[in-house]
Amino acid sequence: MTKILIVEDDAAIARNLTDFLRGEGFDAVAAGDVHEALEAIDESFDLALLDVGLPDGSGFSLCSAIKQRLRTPVIFLTASGDEYSVVTGLELGADDYIAKPFRPRELVSRIRSVLRRSGRSSSVVEAGPLRVDTERAQVTKNGRELYLSALEYRLLLVFLNNRGAVLSRQRLLEEIWDVAGDFVNDNTLTVYIKRLRDKIEDDPAQPEIIKTVRGLGYKL
Ligand code: CA
């Protein structure tokens with residue numbers, strides 16, 4: 001699981017970020033100041049998100065300290081329009097920056113692109129009890145392998161790549177069309193969702209992983 005250190009002294013922002021990144025399948029850990037961050041960080045972290053102004057020092061000195069010891073990629077959370085911070089951060093070896101306030105989706109896409117560039121992007125994604133290794137196309141639940149058909153697997157990936165978003169039936173049909181071709185219509189989609197749920201859910205009648213959003217579609 002990709003491990004991210006969030007260093008932010010604003011407790012509300014830190015908590016929201018931690019919850020959000022956990023919801024996206026990351027292992028997120030928060031630190032409130034430079035001291036705590038240096039205590040926490042080690043090579044097990046795949047990325048650090050650093051606020052610039054911290055109570056016991058600056059994110060810049062923290063970035064230098066991290067880069068001296070580890071190869072952990074760093075993204076700075078800067079104040080909008082603060083060019084000085086952006087330039088200083090990048091000069092200190094930061095891998096990217098994002099200006100506050102930012103949309104969480106935007107942050108996640110920056111995180112993923114930095115992870116990709118630094119060769120740390122993990123091929124394993126998790127959703128509750130499910131673990132999907134996209135390199136080996138292997139799905140396990142609580143350590144036990146599940147055998148999905150190509151179409152069921154594709155459908156699951158569509159949900160994993162759009163975590164938390166409501167996907168309409170039309171959108172799902174479009175996404176799986178290249179696997180299913182003309183064989184898939186609205187009725188067969190219902191069948192495929194049911195088969196997927198039968199395999200991944202504890203109780204397919206009360207789905208916990210892929211939920212029905214009445215009148216709109218489905219969501220992971
Ligand atoms: Ca701050």
Side-chain angles (χ1 to χ4, degrees), residues 1-128 131 134 159-166 219-220:
M1 208 172 185
T2 303
K3 204 168 161 188
I4 298 181
L5 179 67
I6 300 160
V7 189
E8 166 66 66
D9 59 317
D10 182 320
I13 296 179
R15 196 172 45 246
N16 286 341
L17 268 179
T18 309
D19 289 348
F20 177 72
L21 291 177
R22 284 182 183 157
E24 290 292 312
F26 296 105
D27 177 9
V29 176
D33 57 35
V34 173
H35 178 76
E36 235 184 277
L38 287 173
E39 291 271 288
I41 199 157
D42 59 29
E43 56 275 351
S44 72
F45 282 89
D46 297 294
L47 188 133
L49 281 180
L50 308 185
D51 183 23
V52 175
L54 293 165
D56 60 344
S58 78
F60 301 133
S61 56
L62 179 57
C63 177
S64 306
I66 291 172
K67 293 282 178 185
Q68 255 168 35
R69 278 165 46 193
L70 305 161
R71 289 171 53 238
T72 315
V74 167
I75 298 178
F76 270 108
L77 307 172
T78 63
S80 83
D82 184 359
E83 303 250 326
Y84 169 78
S85 289
V86 170
V87 172
T88 312
L90 294 176
E91 274 175 357
L92 287 170
D95 300 82
D96 203 353
Y97 69 91
I98 184 161
K100 293 190 222 182
F102 47 80
R103 286 178 301 132
R105 293 267 142 229
E106 165 82 7
L107 177 65
V108 169
S109 86
R110 297 292 187 93
I111 289 175
R112 293 203 199 279
S113 100
V114 167
L115 288 170
R116 258 197 310 277
R117 272 190 273 143
S118 62
R120 283 167 184 267
S121 111
S122 162
S123 62
V124 176
V125 270
E126 295 186 28
R131 194 169 180 279
T134 55
F159 280 107
L160 285 168
N161 291 332
N162 296 280
R163 208 181 271 262
V166 177
K219 116 180 174 180
L220 184 84

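When a ligand or atom number is given, it counts from 1 through the structure's own listing order. FYI, the numbering just counts along the sequence from 1.
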Problem - Contacts of type salt bridge (charged side-chain N to carboxylate O under 4.0 Å, His left out), residue Asp33, not counting sequence neighbours - result: none
Handout entry: Check ion pair Glu24-Arg112 (N to O, under 4.0 angstrom)
Key = yes
Handout entry: Check ion pair Asp95-Lys67 (N to O, under 4.0 angstrom)
Key =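 Here Asp95 pairs with Lys67 in a salt bridge, since their nearest N and O are under 4.0 Å apart.
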Give me the atom names and distance for the closest heavy-atom approach of [X] to [Y].
X	Y	answer
Leu49	Leu77	CD2-CD2, 4.3 Å
Phe45	Thr72	O-CG2, 3.7 Å
Ala48	Ile41	CB-CD1, 4.3 Å

Exercise for the section: May I ask you to list the protein N, O or S atoms found at less than 3.0 Å from the Ca ion (ligand 1)? Expected result: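 You should have found Asp9 OD1, Asp51 OD2, Gly53 O.
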